[in-house]
Amino acid sequence: MPAKKNISATSGPTAPAKVGFVSLGCPKNLVDSEVMMGMLAQAGAELTPSAEDADVIVVNTCSFIGSAQQESIDTILEMARHKTGGKAKRLVVAGCLVERFHDEIRKNIPEVDAVVGTGELEKILAAAGVVEAPRAPSPFNILGSTTLTSRPEGDHRRRQGRFARDSWDGAVADLPNYLYDDHTPRVLATPGYSAYIKIAEGCDHPCSFCIIPQLRGQFRSRRFESVIAEAERLAQSGVREITLIGQDTTCFGEDLGLKDGLALLLGKLAGVAGLQWIRFLYAYPNKITGRLLATIAAHDNICSYIDVPLQHASPTVLKRMKRGGGADLFLRSLEKMRRAIPAVTLRTSFIVGFPGETEREFEELCSFVKEAAFDWMGAFGYSDQEGAGAFNHDRKLSPREIESRRKSLMSIQKKISRAKKKSLIGREFDLLLEGTSSESDLLLEGRTAMHAPEIDGKVFVNDYPEGNEPKKGEFYRCRITAAHDYDLVAEIV
Ligand code: SF4
């Protein structure tokens, strides 16, 4: 990496600017924050975890559903107070909310000095008022060397208007096409032993409840070698767990002409020295191939863990969602996964209360959840998004009805989860220790390969051999001694 360069900030020509980040939303957004922090740090800015201490505050926003938009706006307003009554001199808003409400943010929140969309991360330097000293051209690629490609499916959807933002007031006009690579500077916000790698950006699917394709653009994969190079560098710096992310990781490489790209990538990553857990999130149901399953089964350091958001199980609702499939097909597919990987952990998520969801269709979903017996399940109430296909559907359910259905689906899963967790008592697993528990100073906590970072339940550790205090970021063998609805209790053996 090139050495840090001298910078000046608008707040003071000699002192490095102190920049504080608030990253909202999903791990994909977190990686964008890490890239922007990397660019700022490389340019000489100092990163601070404290908003009180920051000269510049960046809020990287989420715009997935209504509640995420509200949280983003509340956070911007909260951070604006550090500018009006505190030390901060600049407030920058980045991320998905900018793609959607570019002009509105500038118009309605005068404290905001600059906005940075998801496709223009390199603009963070100018937005933060961090000016690089003149220098020779950098060997780093920030935008250029990755040749952007597209899938025929995505090109077709573009022609159909899937990515159009014309109906949105105040949106950024151009679709983002940014993609970071292994040369892009990045500062990890996760603990040093675990990191996300974004392997693709954008989405070509037509799901009628979702505006992510309009926010993030057409699907595009990072180059295969770039992902491997980044994983090698992370492993050399002490990372032991890698989680591959993208809106749809199972399409990885299709735009580069690769068949079974994710399986090939996982197989190669399994050979990277030092990586103990490799997993991927967000599989698309009909993209889980036999080769992908065989690759997971063949490597000890690829977690036997599949997160496949199914969104619903009623074929008629799925058709209206523009996804296809249904309970019977999904059950066969789950059986195939369980046959190929006997100890597989399966996670999914559903949207409850999609427009027109009848009692009968909801019952189909409930029966499917009982039969499928997922290890982990999330349920979200349908949220209306202007610009999504479902926005114009009639027969919308009331928020009260949606929440009541969501709760009853979760109560079905709670019983399944409780029984599944109970069946683990007495069994031994590898555990990654994550430090003192957030619930009690008297407990430690960690995760097994069955637990993806931040989304699944926890494993509380209440006992370990005397004189061998476990260390954060290290792996230990543990035995499960008790189980709750979602969490486990273990002792280190
Ligand atoms: S697969 Fe569907 S739900 Fe997921 S990001 Fe793409 S369009 Fe949205």
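In each ligand, atom 1 is the first atom listed, and ligand 1 is the first ligand listed.
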Exercise: do [X] and [Y] side chains pair donor with acceptor under 3.5 Å:
X	Y	value
T61	S72	no
R216	Q247	no
T249	K287	no
Y193	E434	yes
Q69	S67	no
D255	S221	yes

Mark up the atoms of ligand 1 that fall under 4.0 Å of a heavy atom belonging to [X], in ascending order.
X	value
C210	3 (S), 5 (S), 7 (S), 8 (Fe)
P213	7 (S)
F209	3 (S)
C203	1 (S), 5 (S), 6 (Fe), 7 (S)
R162	7 (S)

Review point. Got a protein heavy atom sitting under 4.0 Å from atom 6 (Fe) of ligand 1?
Key: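 It does: a protein heavy atom is found less than 4.0 Å away from atom 6 (Fe) of ligand 1.
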**Study point:** Heavy-atom neighbours of Q160 CD exceed 12 at 6.0 Å
**Key:**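 For Q160, atom CD is crowded (more than 12 foreign heavy atoms under 6.0 Å).
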**Study point:** Residue-ligand contact R323/ligand 1, heavy atom below 4.0 Å
**Key:**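 It does; at least one heavy atom falls under 4.0 Å.
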Review point. Closest non-hydrogen protein atom to atom 2 (Fe) of ligand 1, residue and atom name please, with distance?
Key: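 Answer for atom 2 (Fe) of ligand 1: C207 SG, 2.3 Å.
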Check your understanding: What protein heavy atom is closest to atom 4 (Fe) of ligand 1, reported as residue, atom name and distance in Å?
Key ->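 Closest protein heavy atom to atom 4 (Fe) of ligand 1: Q247 O, 4.5 Å.
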